[in-house]
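What follows is one structure encoded as structure tokens, with my remarks underneath.
Please read these numbers as outputs of a predicted model, since none were measured by experiment. As the structure lists them, so they are numbered: ligands from 1, and atoms in each ligand from 1.
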Amino acid sequence: MPNIPEDLAVRIDRDGFAVVPDVLNGPEVAELILAVDRAELEADRRADPAALRRGKSVYGLRDLLGRVPEVRRLSVSPAIRELVEPVLGPGAFAVRGLWFDKTPGANWNLPWHRDLTIAARERVDAAGFSCWTTKAGIPHALAPPGVLEGMLTVRLHLDAAGPDNGPLRVLPGSHRLDGRDPTEVAPWRGRCRPVECAVGAGGAVLMRPLLLHASNAAEAPGHRRVVHLEFATAPLPGGVEWYDRVLPGDDARPAINPR
Ligand SMILES: O=C(O)CCC(=O)C(=O)O
């Protein structure tokens with residue numbers, strides 16, 4: 001049973017993140033690894049654009065909710081709802097799933113950034129949405145800060161993450177924009193001390209997408225597998241629609257884009 005802090009919502013509000021150990025047990029982690037590995041291999045074989053590549057190596061996958069039924073079920077499972085509902089309330093739904101790994105063949109790093117992009121059903125030129133692109137056939141856009149402020153990301157770790165394998169680093173409190181430009185990074189570097197999110201296999205890091213985060217390449221690359229799930233509570237403004245929207249009870253329905 002995960003030891004969910006009683007003040008989870010307070011911590012997310014104050015720091016923009018929280019680490020929760022033991023969300024999934026060993027067999028649950030093993031089942032997810034098998035399911036995602038299968039989907040990743042299949043995407044690689046078919047040269048599917050959902051596969052994230054570095055050279056010849058695949059290190060991630062988009063549209064995880066649509067491609068991996070086990071992840072769709074996970075997104076509505078009690079273990080995940082117990083993390084999401086204290087922060088977003090009972091009406092929260094999953095909107096996007098991604099998979100990341102760091103391997104010897106794809107040992108990547110990311111500079112400090114915020115997650116500003118959402119996936120939509122189709123492009124709508126609505127106020128506040130910008131830089132429309134298509135990733136793996138799915139329209140994506142930069143979303144208005146008001147939308148991102150209402151979201152929560154749950155990063156489920158399928159391997160332990162620590163100093164050796166390029167764990168997530170965060171700047172506590174940097175999710176509070178207070179009207180500032182979300183692409184602004186430099187002033188925050190001096191204002192907040194980075195925290196490394198060490199977490200065991202089966203644990204989760206919860207974070208607001210607006211929290212500044214980064215990660216270094218692994219010093220000892222092996223695996224550092226993460227299922228990244230994003231949740232929201234409200235429809236998008238301006239006639240834009242979430243690409244996916246998974247609520248408890250929805251997981252048995254086929255995904256929008258089943259493969
Ligand atoms: O998994 C990581 O280390 C970072 C991933 C990331 O920055 C992101 O999801 O935007």
Side-chain angles (χ1 to χ4, degrees), residues 12 16-20 23 29 32-33 36 40 50-54 57-65 71 75 94-119 131 133 135-136 138 140-143 145 147-149 151-172 174-175 177 182-185 188-189 192 194-232 243-244:
I12 299 284
F17 79 105
V19 178
V20 182
V23 173
V29 168
L32 274 172
I33 289 177
V36 186
E40 192 182 61
L52 304 173
R53 290 172 190 281
R54 194 172 164 126
S57 299
V58 175
Y59 68 89
L61 198 57
R62 293 187 184 282
D63 190 20
L64 215 55
L65 292 168
V71 171
S75 74
V95 293
R96 184 164 74 152
L98 300 165
W99 163 252
F100 298 113
D101 196 0
K102 284 187 188 177
T103 65
N107 188 11
W108 44 277
N109 68 300
L110 278 175
W112 292 106
H113 68 284
R114 298 185 165 96
D115 291 341
L116 303 177
T117 304
I118 57 103
C131 301
T133 52
K135 298 178 184 182
I138 301 169
H140 284 72
L142 297 186
V147 166
L148 301 164
E149 274 163 2
M151 293 177 67
L152 181 72
T153 298
V154 177
R155 291 168 48 96
L156 266 161
H157 283 258
L158 306 187
D159 301 288
D164 286 351
N165 63 353
L168 192 76
R169 298 164 68 224
V170 300
L171 294 181
S174 59
H175 61 301
L177 293 179
T183 62
E184 200 177 64
V185 174
W188 293 96
R189 299 295 313 282
C192 329
V195 169
E196 203 166 77
C197 297
V199 57
V205 177
L206 276 59
M207 60 177 250
R208 292 289 194 186
L210 286 176
L211 185 74
L212 279 167
H213 57 288
S215 69
N216 294 333
E219 283 176 24
H223 278 298
R224 199 223 55 176
R225 290 167 285 206
V226 174
V227 170
H228 169 122
L229 297 173
E230 294 171 1
F231 293 83
Y243 173 70
D244 212 343

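Ring geometry for His228 versus Phe100: interplanar angle over 60°, hence perpendicular rather than tilted (30 to 60°).
Screening Ile118, Asp63, Val95 against Tyr243 for a side chain to side chain contact (heavy atoms under 4.5 Å, CB included) leaves a single residue, Asp63. No option in His223, Arg225, Arg224 other than Arg225 meets the side-chain hydrogen bond (donor to acceptor under 3.5 Å, both in side chains) test with Asp159.
Atoms CE and CG, on Met207 and Asp115 in that order, are 5.0 Å from each other to the nearest 0.5 Å.
Contacts with ligand 1 closer than 4.0 Å are made by no heavy atom of Trp112, backbone or side chain.
Using a 4.0 Å cut-off to heavy atoms of His113, the atoms of ligand 1 that qualify are 6 (C), 7 (O), 8 (C), 10 (O). Below 4.0 Å from some heavy atom of Leu110 lie the following atoms of ligand 1, by number and element: 4 (C), 5 (C), 6 (C), 7 (O). Within ligand 1, counting atoms from 1 as listed, the ones closer than 4.0 Å to a heavy atom of Trp108 are 1 (O), 2 (C), 3 (O). Listed by number with element, the atoms of ligand 1 under 4.0 Å from a non-hydrogen atom of Phe100 are 9 (O). For ligand 1, the atoms sitting less than 4.0 Å from at least one non-hydrogen atom of His228 are 9 (O), numbered in the order shown with element in parentheses. Taking every heavy atom of Arg224 and a limit of under 4.0 angstrom, the matching atoms of ligand 1 come to 1 (O), 2 (C), 3 (O). Atoms of ligand 1 lying under 4.0 Å from any heavy atom of Ser215, numbered from 1 in the order shown and given with element: 2 (C), 3 (O), 4 (C).
The protein non-hydrogen atom at the shortest distance from atom 8 (C) of ligand 1 is His213 NE2, 3.5 Å. Atom 10 (O) of ligand 1 has its closest protein heavy atom at Asp115 OD1, 2.7 Å.
Closest of all the heavy-atom pairs between Ala160 and Asn165 is O-ND2, 2.8 Å.
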Evaluate the criterion side chain to side chain contact (heavy atoms under 4.5 Å, CB included) for residue pair Leu177 and Arg114; output intermediate values, then yes/no. CA-CA 11 Å; Leu177 293 179; Arg114 298 185 165 96; 3.6 Å; yes
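For the residue pair Lys102 / Ser215, a side-chain donor-acceptor distance below 3.5 Å is found, with atom types taken as modelled.
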